[in-house]
Amino acid sequence: MSLKENYHTIKSQLPDHIQLVAVSKTHPVAAIQEVYDLGQRVFGENKVQELVEKYPLLPKDIRWHLIGHLQTNKVKYIAGFVDTIQSVDSEKLLKEISKEAGKHNRTIKVLLQVKIAEEESKFGLEITEAKDLFQQYLTGKFPHLEITGLMGMATFTENEDQIRKEFSVLKKVFDDLNSIKKLETLSMGMSDDFPVAIECGANSVRVGSAIFGRRDYSK
Ligand SMILES: *Cc1c(COP(=O)(O)O)cnc(C)c1O
């Protein structure tokens with residue numbers, strides 16, 4: 001299928017209130033431009049260097065989301081333009097993002113990434129850590145960022161019950177924090193599991209391969 005067909009197929013499966021983050025990692029600028037020309041404005045990349053290379057070559061009204069693990073010393077490279085950092089999993093990172101955003105007179109939106117998968121390899125905060133950081137944020141400790149929600153990744157498995165269980169855990173955390181201070185974004189679901197994520201309460205999904213096609217893992 002063409003990019004256009006893929007894109008419209010995905011869009012047709014998303015209710016209007018669901019934000020689509022088109023995950024363009026490993027895909028060329030021309031493909032991103034093509035999806036942009038179909039109307040998409042929110043794109044996600046998982047590596048700072050790749051994002052920094054692509055950013056100047058694409059329209060300036062794209063809202064870039066960083067969705068991959070971020071090292072503190074790389075925040076400065078994206079702080080001037082990134083819209084949202086979805087993968088924040090430490091106090092150190094919150095501090096650095098706020099500091100660097102301040103230098104640019106900006107407020108960067110941040111999602112706390114919470115570990116919900118059974119798998120060991122996934123990054124993310126424990127639920128108690130996420131709640132603790134949120135409380136710290138509420139004291140005004142990180143003035144140049146706004147925590148707008150949570151992000152999570154389910155275990156990579158065919159077992160839909162397990163995926164559902166993991167997403168539901170994150171929805172519960174979201175509801176808890178949302179009752180303290182209004183949040184906007186619950187980011188869960190990728191190409192293979194976004195329908196389940198939406199059923200479990202996601203309002204933002206990160207879809208890559210279902211739009212852009214398979215990634216070349218040799219790169
Ligand atoms: C790559 C990636 C996605 C998109 O994955 P697909 O299976 O290609 O849709 C979503 N979220 C994160 C954090 C990713 O790294």
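Order of appearance sets the numbers: ligands from 1, and atoms from 1 within every ligand. Both backbone and side-chain heavy atoms feed into the values below; hydrogens, waters and symmetry mates do not.
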Short N/O distance, under 3.5 Å, between Lys25 and ligand 1? yes

Do Gly208 and ligand 1 have an N or O pair less than 3.5 Å apart? yes

Any idea which of Arg206, Lys47, Met151 brings a heavy atom closest to atom 4 (C) of ligand 1? Arg206

Mind checking whether Leu138 and Ile127 sit in one hydrophobic cluster, side chains of I, L, V, M, F, W, Y counted as touching below 4.5 Å? yes

Do me a favour and list the nearest non-hydrogen protein atom to atom 13 (C) of ligand 1 with residue, atom name and distance? Ile67 O, 3.4 Å

Side-chain touch Ile180/Gln135, heavy atoms, less than 4.5 angstrom: yes

Looking at Phe43, does the NZ or CZ of Arg63 lie under 6.0 angstrom from its six-membered ring centre and within 45 degrees of the ring axis? no

Would you kindly specify which portion of Gln86 sits under 4.0 Å from ligand 1, judged on non-hydrogen atoms: side chain, backbone, both or neither? neither

Counting only N and O atoms by type, is there a donor-acceptor contact under 3.5 Å from the side chain of Lys54 to the main-chain atoms of His27? yes

Would you call Asp192 a ligand 1 contact, heavy-atom distance under 4.0 Å? no

Enumerate, atom names and distances included, each donor-acceptor pair closer than 3.5 Å involving a side-chain atom of residues 92-100, sequence neighbours excluded.
unit_1 : atom_1 : unit_2 : atom_2 : d
Ser98  : OG     : His144 : N      : 3.0
Glu100 : OE2    : Lys103 : NZ     : 3.1

Taking only heavy atoms of Ser191, which atoms of ligand 1 are found under 4.0 Å from at least one of them? 6 (P), 7 (O), 8 (O), 9 (O)

Using a 4.0 Å heavy-atom threshold (strictly under), name the region of Val207 that reaches ligand 1: side chain, backbone, both or neither. backbone

Same cluster or not: Ile85 versus Met190, using hydrophobic residues (I, L, V, M, F, W, Y) connected whenever any side-chain heavy atoms lie under 4.5 Å apart? no

Students should be able to answer this: which protein heavy-atom is nearest to atom 10 (C) of ligand 1, and at what distance? Met190 SD, 3.3 Å

Atoms in ligand 1 with a heavy atom of Ser209 nearer than 4.0 Å: 6 (P), 7 (O), 8 (O), 9 (O)

Is there a salt bridge (charged side-chain N to carboxylate O under 4.0 Å, His left out) between Lys171 and Asp175? Walk through the geometry before answering. CA-CA 6 Å; Lys171 173 65 161 72; Asp175 289 342; 2.9 Å; yes

